[in-house]
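Structure record follows, encoded as structure tokens.
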There are 2 protein chains.
Amino acid sequence: MRREVTLRDVAELAGVSSRTVSNVVNGYANVTERTRVRVQRAVDELGYRPNVLARNLAQGRSGQIALVVPYLDTPYFSELLQSVIRTARARGYNVLIDQTDGDPEHERAFIAHGSRRLLFDGVIFSPLGLDQQALADHDPNLPLVILGERTSDGTFDHIGIDDVAASREATEHLLDLGRRRVAAIGDQPYATGEAAQRRTRGFREAFQARGLTVREDLIISTPRFNRKDGAQAMAHLLDLEDPPDAVFCYSDLVALGAIRTLVSRGLRVPDDVAVIGYDDIEDGRYSNPSVTTISPDKEMIATTAVERLLLRIGSSTPPPAVELRAPHRLIVRESTAGRVTPPAR
Amino acid sequence: MRREVTLRDVAELAGVSSRTVSNVVNGYANVTERTRVRVQRAVDELGYRPNVLARNLAQGRSGQIALVVPYLDTPYFSELLQSVIRTARARGYNVLIDQTDGDPEHERAFIAHGSRRLLFDGVIFSPLGLDQQALADHDPNLPLVILGERTSDGTFDHIGIDDVAASREATEHLLDLGRRRVAAIGDQPYATGEAAQRRTRGFREAFQARGLTVREDLIISTPRFNRKDGAQAMAHLLDLEDPPDAVFCYSDLVALGAIRTLVSRGLRVPDDVAVIGYDDIEDGRYSNPSVTTISPDKEMIATTAVERLLLRIGSSTPPPAVELRAPHRLIVRESTAGRVTPPAR
DNA sequence: CTACGATTTTGCAGCGCTGCAAAACAGCAT
DNA sequence: ATGCTGTTTTGCAGCGCTGCAAAATCGTAG
């Protein structure tokens, strides 16, 4: 196991100081063409590659950002993750991943002692178990960008789509189909359920705008937004005296679970019950039926999050906190529109 | 922005040398109870936390391992990722993620210059674009564990299930149902398609064992193992003169795509065509119909991969390369068995 | 030919920690 | 006391790089 090539080795071969080699390697301005070439040649000859650890220690930064999400096997997050990694890498940053399982303690530890660990220079965080209060209590030295679930209190950036408007559109789409017994699956009427509550608000607004009344027994709370929750909630709805003829699900996974229950009970989607989801994950594009959904611009959310974070990391005086809105759109698929190309029988 | 607390600060407060503080912090053996308590008190009082960067530089290791996979939004990988992160963290390691998109150059760069980057101490790698030849050409100083797709050449560990046996079981399951026009979707008859070829081998063995003949026109190649490939391949199969009555798909995603095509053409699964997948991803458990599949023990694959890698990282003389087999089992669901009991009660 | 400002290069210290080997200390036998 | 082991603590160097400021070099004008 031979020793790695260091700056000093290169310097010696090129006949310059190690500091000059550093300048060349880092593309500093004030280096004459002559020396640059000479150094570059030595670098190539020895196959020098900078030691990231040493550089980071000297610079007092880690060159890494952390992406902290509740669940990695949730397609929404894994799709987001891809774009985050791509963007960060393009800017010379590595991405550390952490999954919190929504555990408040785990989440708190991350944002409270974050900057002391020196393992990452900033965090993109999608909280689940922390309420607004706990969030505000984050390490003030830690550059922080929050995704989706909360609104900023002025000490971090926040990026998400307009949940209220999007949910209203989703609900209106169902009402436009003539459905009146419209249910909602995914409310979370407690401190950490802010995003869910915004969706419920949009749901209600759609009814109000048309002078219709929301049936309160059709608003179902679920602890999470996964398939199982959707399946169970749908089963509950179907057992009601007057079951719904349409369902607004707060995530595509919930919608897939709901559809699963509907189909297994012999009901037709959308004929008997129309279903709309939220997130536009790939699963929903290939499911049976495919899922009508609210599609947030994930690519933009990811790249914006990274860029804002790097901006924060780069500035000595923290930039003012911003509240960013990513665009969204309604994508109509079979679960509300029916088969576009009708089946044989 | 105050300066961070260092070892020296603690040492001063405790009235000992900084080296002793280091010993206490790292739990070294030869420290008297007296000093340990004194130091610990100082640590607590100042809220000292070690600087990981400095420690790593001094130790010449990074405390991080890399997980390199072709696609992060493939549920199989994101499910694996979770277990890898959990295991690594328990052993004090962080996980860096990288997605290669199956790009051979990207993959090569990782294993060829890996150890020079000093960003990670070892790599768990699921190759896609590299053939056996290119794999052998990895940096010999880089601790490496390969997942799934290849067999070891003696310079790295390899972990995967027995693809041939599993595929044979899957095919036998279809034959047991009385199906005879059994198709296979996912063959990759080229150097980088080793795993696919092993599955095709198992497929053939199942026929041979019963004295049946494989219909060559029912073996379909696909570039990847995703939904789209499955959907297209299925469409092609249905356009044949004598279409199949059962399909063995080389991944659950392929199966989901295939089912999608079947259903949209008005065919019933499994009545008209039975479908079996591979990987046991969560999507297949909630789809309509749910997908019969080969379930590899992902948890074991992940934890074993991490442990083997850490073992390699820890040993000065590289341990002998091992070829590890994780168990698998057949999970029968609706896509072959039909509706058994209405789930999601 | 000298002086002076601008540009390029260099030397050194130090980021915060650990490896190493020496030093200090303690316990016990002589 | 003295010597001898074994344990605990310490000092120092250095991981490989960059920040800083001084030094060297260059170009131009006087």
Side-chain angles (χ1 to χ4, degrees), chain A residues 1-40 42-43 46-64 92 115-119 121 314 316, chain B residues 1-40 42-43 46-64 92 115-119 121 314 316:
Chain A
M1 180 116 148
R2 75 200 180 294
R3 209 175 50 80
E4 291 297 331
V5 180
T6 79
L7 265 192
R8 236 180 295 281
D9 299 330
V10 179
E12 202 161 322
L13 178 61
V16 296
S17 78
S18 68
R19 196 60 185 75
T20 299
V21 179
S22 169
N23 287 339
V24 171
V25 170
N26 292 292
Y28 276 174
N30 292 336
V31 182
T32 52
E33 196 50 29
R34 251 177 63 82
T35 39
R36 180 186 308 285
V37 170
R38 212 142 52 104
V39 169
Q40 191 56 54
V43 165
L46 297 176
Y48 168 77
R49 319 201 93 224
N51 180 322
V52 195
L53 252 40
R55 170 181 297 172
N56 291 346
L57 178 60
Q59 291 186 148
R61 39 148 261 171
S62 72
Q64 302 190 137
S115 69
R116 296 221 188 138
R117 306 184 54 181
L118 278 192
L119 214 49
D121 301 328
S316 45
Chain B
M1 180 121 147
R2 77 202 179 293
R3 209 176 50 78
E4 290 299 331
V5 179
T6 79
L7 267 191
R8 235 178 297 280
D9 298 330
V10 179
E12 202 162 321
L13 179 61
V16 296
S17 79
S18 69
R19 196 61 184 76
T20 298
V21 179
S22 168
N23 286 340
V24 171
V25 170
N26 293 292
Y28 275 175
N30 293 334
V31 182
T32 50
E33 195 51 31
R34 249 177 65 82
T35 41
R36 179 185 309 284
V37 170
R38 211 140 53 101
V39 170
Q40 191 56 52
V43 164
L46 297 176
Y48 167 78
R49 319 200 93 224
N51 179 322
V52 194
L53 252 39
R55 170 181 297 172
N56 291 347
L57 178 62
Q59 291 186 145
R61 39 148 262 171
S62 72
Q64 302 190 136
S115 68
R116 295 220 188 136
R117 306 184 55 182
L118 278 191
L119 212 50
D121 300 329
S316 44

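Here is how names work: the chains are called A, B, and so on, in the same order as the sequence lines, proteins then strands, and each is numbered from 1.
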At their closest point, which heavy atom of A/V5 faces which heavy atom of A/L46, and how far apart are they?
-> CG2-O, 3.5 Å
Any B/S18 side-chain N or O less than 4.0 Å from OP1/OP2 of D/dG11 = no
By nearest-heavy-atom nucleotide on DNA chain D, the more 5' of A/L57 and B/V31 is B/V31
Quick one: which of D/dC17, C/dT18, C/dG11 gets closest to the side chain of A/L7?
-> D/dC17
Would you say a side-chain N or O of B/T20 is under 4.0 Å from OP1 or OP2 of D/dT10?
-> yes
Heavy-atom nearest pair, B/Q40 first then B/V24, reads OE1-CG1, 4.2 Å
Heavy-atom check, side chain of A/R55 versus side chain of A/N26, under 4.5 Å | yes
Donor-acceptor pair, side chain of B/N56 and main chain of B/L53, under 3.5 angstrom | no
Between A/R55 and D/dG16, does any side-chain N or O lie under 4.0 Å from OP1 or OP2?
-> no
Does A/Y28 place a side-chain N or O at less than 4.0 Å from the phosphate oxygens OP1/OP2 of C/dT7?
-> no
State which of C/dT18, D/dG19, D/dC17 makes the closest approach to the side chain of A/R8.
-> D/dC17
Rounded to whole Å, CG of B/N30 lies from P of C/dA21 at a distance of 17 Å
By nearest-nucleotide position on DNA chain D, the 5'-leaning member of B/A58 and A/S22 is B/A58
B/T35 near the nucleic acid: base, sugar-phosphate alone, or nothing, with a heavy-atom cut-off under 4.0 Å?
-> sugar-phosphate
Starting at atom CG of A/N51, determine the distance to atom C1' of D/dC17, rounded to an integer number of angstrom.
-> 8 Å
To the nearest angstrom, the CG-C1' distance between A/L53 and C/dT18 comes to 13 Å
In whole angstroms, the gap separating C1' of C/dT8 from CZ of A/R38 amounts to 13 Å
The side chain of A/T6 lies closest to which of these nucleotides: D/dG19, D/dG16, C/dT8?
-> D/dG16
Spacing between A/Q59 atom CD and D/dT18 atom P, to the nearest angstrom = 6 Å
Minimum-distance nucleotide (side-chain atoms of B/A54 versus C/dG16, D/dG19, D/dT8) = C/dG16
Residue B/N23, side-chain atoms from C-beta onward, closest of C/dT18, C/dC17, D/dT9 = D/dT9
Side-chain N or O of A/S17 closer than 4.0 Å to phosphate OP1/OP2 of C/dG11 | no
Side chains of B/D121 and B/S62: is there a donor and an acceptor less than 3.5 Å apart?
-> yes
Return yes if some donor-acceptor pair links the side-chain N/O of A/S18 with the main-chain N/O of A/R8 below 3.5 Å, else return no.
-> no
NA contact type, A/R19, heavy-atom cut-off 4.0 Å: base, sugar-phosphate, or nothing?
-> base
Atom CG of A/N26 and atom P of C/dT8: how far apart are they, to the nearest Å?
-> 17 Å
Mind calculating the distance between CZ (A/R49) and P (D/dG16) to the nearest angstrom?
-> 16 Å
How close or far is atom P of C/dG16 from atom CD of B/E12, stated in whole angstroms?
-> 14 Å
